[in-house]
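Below, chains carry the letters A, B, ... as their sequence lines are ordered, and counting in each starts from 1. Nothing here was measured: the structure is a model prediction, and the numbers come from that model.
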Number of protein chains: 2
Amino acid sequence: MEAGRQRQGRLWSNLKEVCDLLHIPAAVSMNTEELLFQHVQFKTGQRVHTIGQAFDTLYIVNSGFLKTVLIDEFGNEQVLSFPMKGDMLGVDGIHTRHYASEAVALSDCDLILVPFKKLTALGRVHAELENLMYGVMSRELVREQAMIGMLGALSAEARVARFLISLAERFAAMGYSSKLFNLRMTRHEIGSYLGLTLETVSRTLSAFNEIGLITVDQRTIGIKDPEALKTLRRLPPSRSRAKQNAKHKAEADSAGDGQVLATA
Amino acid sequence: MEAGRQRQGRLWSNLKEVCDLLHIPAAVSMNTEELLFQHVQFKTGQRVHTIGQAFDTLYIVNSGFLKTVLIDEFGNEQVLSFPMKGDMLGVDGIHTRHYASEAVALSDCDLILVPFKKLTALGRVHAELENLMYGVMSRELVREQAMIGMLGALSAEARVARFLISLAERFAAMGYSSKLFNLRMTRHEIGSYLGLTLETVSRTLSAFNEIGLITVDQRTIGIKDPEALKTLRRLPPSRSRAKQNAKHKAEADSAGDGQVLATA
DNA sequence: CGCGAGATTGACTCGGGTCAATAGTAGTGG
DNA sequence: CCACTACTATTGACCCGAGTCAATCTCGCG
């Protein structure tokens with residue numbers, strides 16, 4: 001459970017492999033066989049880095065699933081992201097030279113160590129490297145902007161729907177099935193990530209299941225209607241309330257088409 | 001109203017001035033008198049850049065106030081930030097080479113143009129420059145993380161309170177009064193930024209005013225009790241310790257000190 | 001001066017948080 | 001192997017914070 005790391009792994013990656021992992025066009029034609037980055041393994045539950053810890057290295061996820069969290073003054077966790085293969089960790093430590101968030105392995109993980117000093121030293125020799133870093137950081141910035149937009153503007157159902165779609169797309173990009181996958185995080189963590197309670201997450205998943213958008217069995221999710229999930233804003237009234245709304249329901253139904261989403 | 005720019009300004013800044021503006025230790029001792037960056041003026045309401053526009057330059061705010069916004073599929077604005085003196089604009093364009101957000105001047109502004117190509121070219125000569133950029137981008141990343149945390153976890157009152165404190169601190173850092181200042185944005189823009197409606201913002205400000213935390217007169221805000229604003233928290237004290245709190249709830253309620261915030 | 005954008009305030013509604021009970025699942029050790 | 005425990009998920013009942021709708025009010029500006 002310590003923030004330290006265990007070094008039984010003997011794996012190393014060269015620069016090109018790292019660039020490929022980041023989905024960055026490795027226009028680097030240099031011979032990089034001598035430039036190796038060490039891998040490190042973390043077991044489920046282990047912390048990669050903690051808040052306030054001195055920053056010196058970036059991490060790139062080679063395999064496994066993690067979460068990054070902020071801890072507020074009362075010890076409550078706020079999940080910021082769920083990094084997986086190809087994502088970079090630790091960037092928030094550059095500014096103050098101390099990590100601003102905590103990263104925890106949600107499964108056994110294999111990470112690539114990128115000592116920040118080594119990176120900047122490399123940048124001095126290979127100028128295209130800094131563009132690579134700018135790109136990664138800018139991408140992360142855009143991702144967080146989208147997150148802010150979502151938290152600021154979307155309903156609970158829309159957040160959960162987008163979360164599922166986002167997961168599906170990331171799994172697809174990693175070569176896994178985008179139709180059937182396992183959540184690596186608890187309802188509580190999803191709720192924290194989406195600014196909702198775990199009950200709301202659970203209820204929303206159940207509602208999606210009832211309507212046939214997805215199938216849910218604990219952490220196993222099947223995506224049945226990705227298009228509906230993508231464009232979903234609000235859910236139609238549930239069956240329990242339907243009776244009470246019966247009077248107004250007719251006009252509402254006639255006005256609206258059979259669409260799942262009530263576009264505004 | 002076009003995204004273009006008017007070039008009547010003849011002002012230029014050298015690298016050191018730029019670094020100072022960014023609050024970055026300009027450890028650069030090089031002679032930079034020949035390295036000049038042009039200023040550009042924007043009038044209230046003008047767009048600095050729009051979403052999707054080809055990216056080629058970063059902007060540093062020398063004076064004035066702006067907002068950056070995302071536009072969703074229905075044309076709704078989501079305010080992302082309120083840049084002011086010393087802030088950098090356009091970083092989100094690096095990744096895709098197209099700006100991901102739109103920047104609008106809320107007052108007459110003076111911006112410094114930093115052509116991205118020029119910056120990377122400079123980085124090749126002066127390695128410390130890239131650290132500067134990493135720092136700026138990392139800082140922005142951390143700021144957005146804090147924003148996500150706020151949107152995900154805080155009540156409306158706490159968000160407004162933190163917004164005011166944040167503004168006060170930024171004004172102080174710029175040499176203005178942190179006790180009395182003018183908002184440059186509408187209630188609607190504040191609401192969008194904080195994930196609230198304009199009515200809630202207005203009501204919350206009125207409530208703070210009634211309680212004596214601040215004074216409000218349209219866009220003129222006076223900060224009366226910054227400490228109370230800073231410690232104004234969300235309503236539920238905890239989620240993980242809910243059970244224990246239940247027992248002590250009675251005494252906590254009866255002990256109800258003069259604190260402004262109803263902690264439970 | 002009057003117009004229109006912005007701000008304030010009230011009344012009402014409802015989405016989603018809170019509390020609570022139950023059940024499924026995983027790990028542990030006898 | 002099964003019981004025991006702790007964690008996770010589901011579901012229901014209730015309710016409150018904040019959104020919605022709407023009626024003024026204010027102020028800056030042409």
Side-chain angles (χ1 to χ4, degrees), chain A residues 43-45 76 106-107 151-160 182-192 194-210 214-221 232-242 244-245 248 262 264, chain B residues 44-45 76-77 106-107 151-160 182-192 194-210 214-221 232-247 249 261-262 264:
Chain A
K43 287 179 298 188
T44 303
N76 298 316
L106 295 179
S107 70
L151 290 176
L154 296 190
S155 70
E157 287 114 17
R159 291 184 207 183
V160 175
N182 265 80
L183 301 176
R184 300 317 204 289
M185 64 293 285
T186 67
R187 302 287 190 265
H188 179 78
E189 286 161 342
I190 296 172
S192 171
L194 297 176
L196 303 170
T197 60
L198 79 177
E199 292 96 331
T200 299
V201 173
S202 180
R203 268 187 260 268
T204 305
L205 290 176
S206 298
F208 286 172
N209 181 38
E210 258 180 64
I214 64 174
T215 59
V216 189
D217 176 37
Q218 297 291 113
R219 298 202 184 172
T220 302
I221 300 286
L232 183 138
R233 319 257 104 206
R234 298 198 293 245
L235 243 33
S238 74
R239 265 124 289 285
S240 57
R241 293 204 61 86
Q244 307 177 15
N245 299 347
H248 309 299
Chain B
T44 304
N76 300 316
E77 282 192 6
L106 296 179
S107 70
L151 290 176
L154 296 191
S155 70
E157 289 117 21
R159 291 184 206 183
V160 175
N182 266 80
L183 301 176
R184 300 315 205 288
M185 64 294 285
T186 68
R187 301 287 190 267
H188 179 78
E189 287 162 341
I190 296 172
S192 171
L194 297 175
L196 304 170
T197 60
L198 79 181
E199 293 96 329
T200 299
V201 173
S202 181
R203 268 188 259 269
T204 305
L205 290 176
S206 296
F208 287 173
N209 180 38
E210 259 179 62
I214 64 173
T215 59
V216 189
D217 176 36
Q218 297 291 114
R219 297 202 185 173
T220 303
I221 300 286
L232 188 49
R233 310 277 170 197
R234 79 188 115 175
L235 317 152
S238 149
R239 33 187 64 125
S240 51
R241 304 263 166 273
K243 310 149 195 171
Q244 303 184 13
N245 290 347
K247 305 175 187 127
K249 195 168 183 303
L261 54 141

**OP:** Answer yes or no: is there a donor N or O on one side and an acceptor on the other, between the side chain of B:T215 and the main chain of B:N209, under 3.5 Å?
**Re:** no
**OP:** Under the side-chain hydrogen bond (donor to acceptor under 3.5 Å, both in side chains) rule, collect the residues that match up with B:N76, sequence neighbours excluded.
**Re:** B:D72
Who passes side chain to side chain contact (heavy atoms under 4.5 Å, CB included) against [X], sequence neighbours left out?
X	value
B:T204	B:E157, B:V160, B:T200, B:F208
A:L198	A:R187, A:H188
A:R159	A:M150, A:L151, A:L154, A:L194, A:L196

Subject >> A:N182 vs A:I221 side-chain heavy atoms within contact, under 4.5 Å >> reply: no
**OP:** State, yes or no, whether a side-chain contact exists between B:T186 and B:R219 at a heavy-atom distance under 4.5 Å.
**Re:** yes
Original post:
Listed by chain and number, what are the salt bridge (charged side-chain N to carboxylate O under 4.0 Å, His left out) partners of B:E77, not counting sequence neighbours?
Top reply: B:K67
Nearest-Å distance, [atom1] ([X]) to [atom2] ([N])?
X	N	atom1	atom2	result
B:R159	D:dG17	CZ	P	14 Å
A:R233	C:dG15	CZ	C1'	16 Å
A:L196	D:dT10	CG	C1'	16 Å

Original post:
Which heavy atom of A:L106 sits nearest a heavy atom of A:T44, and at what distance?
Top reply: O-CG2, 3.6 Å
Subject >> Five-pair end axes of the helix from C:dC1-D:dG30 to C:dG30-D:dC1 and the angle they enclose, rounded to 10° >> reply: 40°
Original post:
Which part of the nucleic acid, if any, lies within contact of B:G195, taking any heavy atom under 4.0 Å across all strands shown: a base, the sugar-phosphate backbone alone, or nothing?
Top reply: sugar-phosphate
All N/O pairs under 3.5 Å across the protein-nucleotides 26-29 of chain C interface:
none

Show me the protein contacts with nucleotides 4-9 of chain C, counting only N or O atoms at under 3.5 Å.
| unit_1 | atom_1 | unit_2 | atom_2 | d |
| --- | --- | --- | --- | --- |
| C:dA7 | OP1 | B:R219 | NE | 3.0 |
| C:dA7 | OP2 | B:R187 | N | 2.8 |
| C:dT8 | OP1 | B:R187 | NH2 | 3.2 |
| C:dT8 | OP2 | B:R187 | NE | 2.7 |
| C:dT8 | OP2 | B:R187 | NH2 | 3.2 |
| C:dT8 | OP2 | B:S202 | OG | 2.8 |
| C:dT8 | O5' | B:S202 | OG | 3.3 |
| C:dT9 | OP2 | B:S206 | OG | 2.7 |

